Amino acid sequence: MNYWLFKSEPDEYSIDHLKTDKKCLWEGVRNYQARNIMRDECQKGDIILYYHSSTKETGIYGLAIINQTGIADPSQFDKNSKYYDPKATKEEPRWICVEVKYKKKFKSPILRDELKENKKLKDLMLLQKGSRLSIQPVSEKHAKIILEMLK
DNA sequence: GCCAACGTTGGC
DNA sequence: GCCAACGTTGGC
């Protein structure tokens, strides 16, 4: 089982949205590195650390689960979508996404500042300079350290 | 709102 | 295939 960190702008789609929806397609990712992770590495049952970015209090707000993999992102075919990709075809979809299932929202988030203060997390990809990949792998070691901070 | 760090595009 | 120009991300 793997751990991932998924970034989302709460104005776009917050953990509360996911809680209401129960499930959602992680569509609209238009970065090849992030796509490759979703396409090749994410497995059903993997744990997602749900991160709020581009907001006042950035941090990890809860957990989700990879519910289904290998789904062609429908927005690539939708001419009205800002994620429309004219080069994608149904036969050869370019953007593959996953379905995400809500697991829990933390009583209080683990803020970025708290992650930064934890010396054991200095190698966490999220905290590296210039790190802006929206889907990141999190090692089991790091994941356990992070989840331990909830207590 | 600024801007550093990335990623992508397209002319050559 | 190089790389300048442009676009985007996301912390601050």
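Lettering follows sequence order; numbering is per chain, from 1. Since the structure is predicted, the reported quantities are computational estimates derived from the model, not experimental observations.
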According to a strict under-4.0 Å criterion, is Arg112(A) in side-chain N/O contact with OP1 or OP2 of dG11(C)?
yes
Nearest-angstrom distance from the residue atom OH of Tyr83(A) to C1' of dT8(C)
12 Å
Mind checking Thr58(A) for me? I need base, sugar-phosphate or nothing, with any heavy atom below 4.0 Å counting as a touch.
sugar-phosphate
Leu127(A) CG - dT9(C) P separation (whole Å)
20 Å
Arg94(A) atom CZ is separated from dT8(B) atom C1', nearest whole Å, by 11 Å
Which heavy atom in Tyr13(A) sits nearest to a heavy atom in Cys24(A), and how many Å separate them?
OH-CB, 3.4 Å
Return the value, rounded to whole Å, for the distance between atom CD1 of Ile37(A) and atom P of dG7(B).
12 Å
Lys90(A) charged N/C atom sitting above Phe77(A) aromatic ring, 6.0 Å / 45°:
yes
Look at Lys7(A) and dG10(C) and indicate whether a side-chain polar atom (N or O) is within less than 4.0 Å of OP1 or OP2.
yes
Between Ser14(A) and His17(A), is there a side-chain donor-acceptor contact under 3.5 Å, judged purely by atom types and distance?
yes
Please check the phosphate of dT9(C) (OP1 and OP2 only) for any side-chain N or O of Lys129(A) closer than 4.0 Å.
no
Taken to the nearest whole Å, CD/Gln128(A) to C1'/dC6(B) is 15 Å
Using whole Å, what does the distance between atom P of nucleotide dC12(C) and atom CG of Leu111(A) come to?
12 Å
Verify the distance criterion only: is there a donor paired with an acceptor across the side chains of Gln43(A) and Thr69(A) at less than 3.5 Å?
no
Atom CD of Glu12(A) to atom P of dG10(C): distance rounded to whole Å?
11 Å
Heavy atoms under 4.0 Å, any strand shown: does Lys56(A) hit a base, just sugar-phosphate, or nothing?
nothing
Against the side chain of Tyr51(A), the closest entry in dG10(C), dG7(B), dG11(C) is dG11(C)
Calculate the interatomic distance between Leu133(A) atom CG and dG7(B) atom C1'; express it in whole Å.
11 Å
Pair Arg39(A), Tyr32(A): side-chain N/O donor-acceptor within cut-off below 3.5 Å:
no
